[in-house]
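Since the structure is predicted, the reported quantities are computational estimates derived from the model, not experimental observations. The residues of the chain are indexed from 1 along the displayed sequence.
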Amino acid sequence: MKYAWIENDKVRDVAHSNPAEIYHPDVAALYTTQVPDDAVNGDGWVNGALVKPEPPAPPTPAPRQWTADNFRAGMTLAEKTKWDNNSAPEIITVKAELPKELVGATELLDFLVESGLISQATKTKILE
């Protein structure tokens, strides 16, 4: 067991050895509570029991970005040939608009489908 300085129902500090041996007597006097070995600074101390804080939620991943390479990877060979050769003004426009998140990418793919430059199946494959 270790000794801790408890303040406002929180572990303010944990002494990893006898507080009287490592602190000035005025400070050592604050380390009056025995705590379990796994206690760390910042843990809660409620009604004589150690309370571990909730772990923080994992960060939200950034939304996926569709790029020209993502678009090209889902195309058929014939569609890739048109794409690579910028064979239509619609392709040039779409390339200039990328990268995009889902809503924007879907709009650009719909534009290519409506223009007859890619198939609906290609759009579905790109969005997978």
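Between Leu127 and Leu102, some side-chain heavy-atom pair lies under the 4.5 Å cut-off. Here the side chains of Asp13 and Tyr31 are in contact, with some heavy-atom distance below 4.5 Å. With a 4.5 Å cut-off on side-chain heavy atoms, Tyr3 and Val35 do not count as touching. Counting heavy atoms from C-beta outward, His16 and Ile22 have side chains that stay 4.5 Å or more apart. Between Leu109 and Phe71 there is a side-chain heavy-atom pair separated by less than 4.5 Å. Residues Ile118 and Met75 form a side-chain contact, since some pair of their non-hydrogen atoms from C-beta on lies under 4.5 Å apart.
Counting only distance, with no hydrogens or angles, the side chain of Asn8 and the backbone of Lys10 share no donor-acceptor pair below 3.5 Å. Proximity of a side-chain donor or acceptor of Glu79 to a complementary backbone N or O of Ser119 within less than 3.5 Å is detected. Judged by distance alone, the side chain of Ser87 and the main-chain N or O of Trp83 form no donor-acceptor pair under 3.5 Å.
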- Task: Start with the C-alpha gap between Asn70 and Leu98, add the side-chain angles, then the distance that decides, and say whether side chain to side chain contact (heavy atoms under 4.5 Å, CB included) holds.
- Result: CA-CA 10 Å; Asn70 298 132; Leu98 292 171; over 6 Å; no
**Prompt:** Does the pair Lys123 and Asp110 meet the rule for a side chain to side chain contact (heavy atoms under 4.5 Å, CB included), with working shown?
**Reply:** CA-CA 8 Å; Lys123 173 189 168 188; Asp110 286 340; 2.4 Å; yes
Applying side chain to side chain contact (heavy atoms under 4.5 Å, CB included), run through Lys82 and Ile91 and close with a yes or a no.
CA-CA 8 Å; Lys82 291 182 215 173; Ile91 291 172; 4.0 Å; yes
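Side-chain atoms of Lys95 and Asn86 include a donor-acceptor pair closer than 3.5 Å.
Applying the salt bridge (Lys or Arg N to Asp or Glu O under 4.0 Å) test to residues at least two apart or on different chains, the pairs with a partner in residues 57-78 are Arg72-Asp84.
Qualifying ring-ring contact (aromatic ring centres under 6.0 Å, His included) partners for Phe111, counting only residues two or more places apart in sequence or in other chains: none.
Minimum interatomic distance between Ala28 and Pro19 (heavy atoms only, all atoms of both residues): CB-O, 3.5 Å. For the pair Ile126 and Gly74, the tightest heavy-atom approach, listed with the atom from each and the gap, is CG1-CA, 3.8 Å.
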Under 3.5 Å, which donor-acceptor pairs link side chains of residues 42-49 to any protein atom two or more places apart or in another chain?
{"from": "Asp43", "atom 1": "OD2", "to": "Val40", "atom 2": "N", "distance (Å)": "3.0"}
{"from": "Asp43", "atom 1": "OD2", "to": "Lys52", "atom 2": "NZ", "distance (Å)": "2.8"}

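Taking a cutoff of 4.0 Å between a charged side-chain nitrogen and a carboxylate oxygen, Glu97 and Lys100 qualify as a salt bridge. For Lys2 and Asp37, the salt-bridge test fails: no basic side-chain N is under 4.0 Å from an acidic carboxylate O.
With values rounded to the nearest 0.5 angstrom, Asp38 atom CG is found 5.5 Å from Leu50 atom CG. Note that NZ of Lys80 and OG1 of Thr122 are 10.0 Å apart. Values are rounded to the nearest 0.5 Å.
Within 6.0 Å of CD on Glu107 lie no more than 12 heavy atoms contributed by other residues, nucleotides or ligands.
Val11 and Tyr23 are not part of a single hydrophobic cluster, where members link through side-chain heavy atoms under 4.5 Å apart.
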